[in-house]
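Counting from 1, the numbers follow the sequence of the chain as shown. A quick note: this is a predicted structure, and the numbers were derived from the prediction, not measured. Just so you know, these numbers use all the heavy atoms, side chains as well, and skip hydrogens, waters and symmetry mates.
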Amino acid sequence: LYPLADARGRRLELTEDFLIRKLEAIASEIKHEDNLIGQRTTWLVMGQSFLFAAFASLLQQGDVTVITRGVRLMRLLIPLVGLLMPVLVLVAVIGASYAIWHWRAEHDRLCKAVGDQGFEWTPFGPTTWVTVSGQVLPIAVAFGFAVAWTVILIRLQAT
């Protein structure tokens with residue numbers, strides 16, 4: 001027996017079939033969370049490009065003496081939506097990163113249990129540095145867009 005237990009606290013027998021199923025499940029969960037991070041980052045960048053383009057086209061209306069109510073509303077709503085999107089993506093990426101961290105810890109625990117039982121096992125996978133550095137881009141992109149829209153909103157309030 002080894003130090004993994006089921007939901008009722010019963011120790012689980014370490015068999016090759018169990019190891020394969022457990023490691024496949026962990027790998028599947030990590031891959032799923034990684035894919036979600038990639039999708040969210042793609043959605044964010046695509047959505048932001050449309051919002052920046054729409055906002056830039058409205059800026060050309062600034063010299064007109066009588067600005068319609070619709071343009072005024074869009075000048076406020078586009079930056080607000082632009083700010084909300086990266087904040088939500090940032091929260092989702094942090095959540096996915098936490099889930100990945102959890103699954104990697106479970107993977108490491110399983111690998112240690114395998115080694116403790118005398119099985120020949122070579123654990124592999126990214127180091128902590130690789131894991132953390134892989135999350136920097138999505139977090140930095142979301143943070144950067146949030147800062148850009150915040151600056152735009154502040155500048156709009158000043159005018």
Side-chain angles (χ1 to χ4, degrees), residues 1-56 74-157:
L1 299 180
Y2 81 92
L4 289 180
D6 66 10
R8 295 182 180 164
R10 296 177 296 196
R11 291 186 176 264
L12 300 173
E13 184 179 338
L14 184 63
T15 65
E16 184 177 350
D17 184 50
F18 173 80
L19 288 173
I20 290 169
R21 286 184 298 146
K22 184 75 171 176
L23 290 171
E24 284 176 348
I26 290 170
S28 174
E29 289 296 327
I30 291 171
K31 182 178 180 180
H32 173 71
E33 294 297 336
D34 274 340
N35 286 338
L36 284 177
I37 289 171
Q39 290 172 4
R40 290 169 179 150
T41 304
T42 300
W43 296 337
L44 175 63
V45 171
M46 289 175 53
Q48 292 293 304
S49 65
F50 287 113
L51 289 172
F52 272 107
F55 187 72
M74 292 307 288
R75 282 187 172 181
L76 179 62
L77 287 180
I78 289 172
L80 286 175
V81 171
L83 178 60
L84 182 62
M85 282 176 60
V87 168
L88 293 176
V89 168
L90 188 59
V91 169
V93 167
I94 289 171
S97 297
Y98 175 77
I100 289 171
W101 193 275
H102 167 77
W103 286 113
R104 289 199 196 283
E106 179 66 15
H107 181 270
D108 292 346
R109 187 171 80 104
L110 182 59
C111 287
K112 183 181 179 324
V114 168
D116 291 347
Q117 290 295 314
F119 283 94
E120 296 233 0
W121 185 262
T122 306
F124 65 94
T127 63
T128 302
W129 169 250
V130 171
T131 302
V132 170
S133 64
Q135 307 306 323
V136 170
L137 178 64
I139 291 171
V141 167
F143 184 74
F145 281 127
V147 168
W149 286 113
T150 301
V151 168
I152 289 170
L153 282 167
I154 290 170
R155 296 280 298 181
L156 284 175
Q157 293 300 320

- Message: Using 0.5 Å steps for rounding, measure from the OG1 atom of Thr150 to the CZ atom of Phe143.
- Response: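 One gets 8.5 Å once the value is rounded to the nearest 0.5 Å.
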- If you round to the nearest 0.5 Å, how far is CG of Leu36 from OG1 of Thr41?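 With rounding to 0.5 Å, OG1 (Thr41) is 10.5 Å from CG (Leu36).
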Closest heavy-atom contact between [X] and [Y]?
X      : Y      : answer
Ala146 : Pro86  : N-CG, 3.6 Å
Pro79  : Leu76  : CD-O, 3.3 Å
Met85  : Gly47  : CE-CA, 3.7 Å
Leu51  : Gly82  : CD1-CA, 3.6 Å
Trp103 : Ile26  : O-CG2, 3.5 Å
Ile100 : Gln135 : CD1-NE2, 4.3 Å

- Message: Under a 3.5 Å distance rule, please check whether Ser28 uses its side chain to pair with a backbone N or O of Glu24 as donor and acceptor.
- Response: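 Checking the backbone N and O of Glu24 against the side chain of Ser28, no donor-acceptor pair under 3.5 Å is found.
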- Message: Checking Leu137 now: which residues fulfil side chain to side chain contact (heavy atoms under 4.5 Å, CB included) with it, not counting sequence neighbours?
- Response: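 Scan of Leu137 (side chain to side chain contact (heavy atoms under 4.5 Å, CB included), adjacent residues dropped) gives Val141.
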- For Ala96, side chain to side chain contact (heavy atoms under 4.5 Å, CB included) partners two or more places apart: Glu33, Ile37, Arg40
- Message: Parallel, tilted or perpendicular, judged at 30° and 60°: which one describes the rings of Trp149 and Phe52?
- Response: parallel
- Message: Run the side-chain contact (heavy atoms from CB on, under 4.5 Å) test on His102 and Glu29 for me, step by step, so that the C-alpha distance in whole Å, both residues' side-chain angles and the decisive distance to 0.1 Å come before the verdict.
- Response: CA-CA 10 Å; His102 167 77; Glu29 289 296 327; over 6 Å; no
- Message: If the test is side-chain contact (heavy atoms from CB on, under 4.5 Å), which one of Val91, Leu90, Val89 qualifies with Val93?
- Response: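 Testing each of Val91, Leu90, Val89 against Val93, the sole residue satisfying side-chain contact (heavy atoms from CB on, under 4.5 Å) is Val89.
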